[in-house]
Amino acid sequence: MPAVKNTEFKAVASNESRQKQDKLTRIIFKLFTYPASVPKAFYVAISGILLYNITSRKFFPGVEHMDKDIQQLKNWIDHSDNVVFFGGAGVSTESGIPDFRSVDGLYNQKWKYPPETILSHSFFEKYPEEYYRFHREKLVVDGARPNKAHLRLAELERQGKLKAVITQNIDGLHQLAGSKNVLELHGSILRAYCSQCGKKYSADLMNHGEGVPHCECGGIIRPDIVLYEEPLNDDIMTKALNYIQNADVLIIGGTSLNVYPAAGLINYYHGNKLALVNLSSTPYDSYADLVIHEKIGEVFSRI
């Protein structure tokens with residue numbers, strides 16, 4: 001029997017469109033290794049059998065289950081005009097921005113101090129030079145662009161279906177994709193202000209300058225983000241809570257739901273269409289009405 005690479009089959013088997021099936025056929029032909037003595041008719045027949053089993057879900061039964069879940073989510077969205085999205089770091093990892101808490105993410109990279117310490121209010125005040133060295137090297141990701149999830153969410157808002165994007169991210173990619181009603185629970189790295197007088201500043205000096213930026217009043221310019229030890233913005237939290245309370249469909253994506261108090265917001269959802277889209281399991285999986293363990297960009301490209 002010819003040798004095949006199952007992982008590549010799985011990557012394309014999840015879409016039943018004719019275009020994907022044609023691509024799958026080409027992959028099968030490329031991956032087969034067979035002796036020249038084997039009749040070509042036999043080779044083509046075996047290829048056909050494999051193609052049938054894969055596209056009919058006999059080869060990967062788990063793919064069929066995932067497809068049904070994505071279709072269910074699409075149906076919810078199609079029949080609703082009150083969708084709310086709550087997202088975390090996983091939404092932006094597909095745009096090249098490191099995930100703070102994943103196995104290969106920012107929080108597992110070596111640094112002089114633990115990132116949780118550097119990104120704290122007390123550390124910023126005591127060691128602003130070290131903070132800004134970390135800020136410019138680890139938090140600023142130039143050239144990041146919105147991915148399929150960002151773009152689809154913006155489209156759903158334009159269609160009048162999505163009421164709000166509630167995000168824990170600080171990268172501004174939702175706005176760059178075209179979303180208008182974005183509630184940034186943890187602020188944005190694209191805004192800056194003086195920690196002493198409150199004067200607003202361009203983020204460029206903060207993100208791409210050298211040393212510690214200072215205001216004309218002498219105060220240190222800081223990013224408009226919520227550092228550890230700082231409270232979340234009350235107005236933004238209240239708006240987020242109201243959107244979640246009144247949502248028909250609540251989609252939570254790209255978050256482990258381990259960061260509080262933001263993660264606790266989902267406890268205020270009273271509907272029966274709670275969808276969790278995340279590569280790994282979360283503490284709320286058992287409470288959700290739909291759980292999809294898949295890349296968020298892949299899911300949103302199909303809804």
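All figures in this text were calculated on a predicted structure; none of them were measured in a lab.
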Could you please spell out the steps behind the side chain to side chain donor-acceptor pair (under 3.5 Å) verdict for T282 and D285? CA-CA 5 Å; T282 78; D285 280 14; 2.7 Å; yes
Any chain of hydrophobic side-chain contacts (each under 4.5 Å) joining I77 to L162? yes
Given side chains that start at C-beta, do those of E94 and K148 come closer than 4.5 Å, heavy atoms only? no
Pair F123 + F134: ring centers closer than 6.0 Å: no
Closest approach of G198 to Y193 (non-hydrogen atoms, all atoms of both residues): O-CB, 4.0 Å
Short N-O contact, D67 and R302, less than 4.0 angstrom: yes
According to a hydrophobic-cluster definition based on side-chain heavy atoms being under 4.5 Å apart (Ile, Leu, Val, Met, Phe, Trp, Tyr only), do Y113 and Y131 belong together? yes
For R136, does the CZ atom have more than 12 heavy-atom neighbours from other residues, nucleotides or ligands under 6.0 Å away? yes
Which residue in the set D289, L250, I251 passes side chain to side chain contact (heavy atoms under 4.5 Å, CB included) when paired with W76? D289
Show your reasoning for whether ring pair (Phe, Tyr, Trp, His ring centres under 6.0 Å) applies to F300 and F85. CA-CA 12 Å; F300 271 83; F85 178 80; 5.7 Å; yes
For the backbone of I244 and the side chain of K163, can you confirm whether one donor and one acceptor N or O come within less than 3.5 Å of each other? no
Got E210 and Y132 here, is their nearest side-chain heavy-atom distance under 4.5 Å? no
Side-chain donor/acceptor of H293 to backbone N/O of V291, under 3.5 Å: no
Above 12 or not: heavy atoms from other molecules or residues under 6.0 Å from OH of Y268? no
Of the non-hydrogen atoms in L73 and A275, which two are nearest, and what is the gap between them? CD1-CB, 3.8 Å
Do NZ/NE/NH1/NH2 and the carboxylate oxygens of R158 and E155 come within less than 4.0 Å? no
Spell out, yes or no, whether V83 and L151 are grouped together once hydrophobic residues are joined by side-chain heavy atoms under 4.5 Å, including indirect joins. no
Can you confirm whether more than 12 heavy atoms, excluding those of K295, are under 6.0 Å from its NZ atom? no
Any chance NE2 of H208 has more than 12 other-residue heavy atoms, nucleotides or ligands included, within less than 6.0 Å? yes
Any sub-3.5 Å donor-acceptor pair from S92's side-chain atoms to A89's backbone N or O? no
Return yes if some donor-acceptor pair links the side-chain N/O of S195 with the main-chain N/O of I220 below 3.5 Å, else return no. yes
Count the heavy atoms belonging to other residues, nucleotides or ligands that lie under 6.0 Å from CG of D78, then report whether that count exceeds 12. yes
Residue pair H174 / V91, side-chain heavy-atom distance below 4.5 Å: yes
Check whether any side-chain heavy atom of R222 lies under 4.5 Å from a side-chain heavy atom of L227, and answer yes or no. yes
Backbone of N181 reached by a side-chain donor or acceptor of E157 within 3.5 Å: yes
When clusters are formed by joining ILVMFWY residues with side-chain heavy atoms under 4.5 Å apart, either directly or through shared neighbours, do L190 and Y201 land in the same one? no
Within-4.5 Å side-chain heavy-atom neighbours: L257 and L276: yes
When you measure from the side chain of D224 to the backbone N and O of A192, does any donor-acceptor pair fall under 3.5 Å? no
Check whether any side-chain heavy atom of K273 lies under 4.5 Å from a side-chain heavy atom of H79, and answer yes or no. no
Hey, is K126 close enough to E229 for a salt bridge, meaning N to O under 4.0 Å? no
Do S95 and N147 have side-chain N/O donor and acceptor atoms under 3.5 Å apart? yes
Is there a side-chain contact between N267 and Y284 (heavy atoms, below 4.5 Å)? yes
Do K199 and C217 make a side-chain contact, defined as non-hydrogen atoms from C-beta onward lying under 4.5 Å apart? no
Show, in sequence, the C-alpha distance, side-chain angles and deciding distance for F124 and H121, and conclude whether the ring pair (Phe, Tyr, Trp, His ring centres under 6.0 Å) test is met. CA-CA 5 Å; F124 177 83; H121 177 83; 7.5 Å; no
Pairing of R133 and E129 as salt bridge, 4.0 angstrom limit: no
So among E184, H150, K180, which one has a side-chain hydrogen bond (donor to acceptor under 3.5 Å, both in side chains) with Q175? E184
Show the nearest heavy-atom pair for residues D171 and I189, with the distance to one decimal. CA-CG2, 4.4 Å
Can you name the nearest heavy-atom pair linking P146 to L173, along with the distance? CG-O, 3.7 Å
Are V226 and M237 linked, directly or through intermediate hydrophobic residues, by side-chain heavy-atom contacts shorter than 4.5 Å (ILVMFWY only)? yes
Does atom NZ (K239) have a neighbourhood of more than 12 heavy atoms from anything else shown, all under 6.0 Å? no
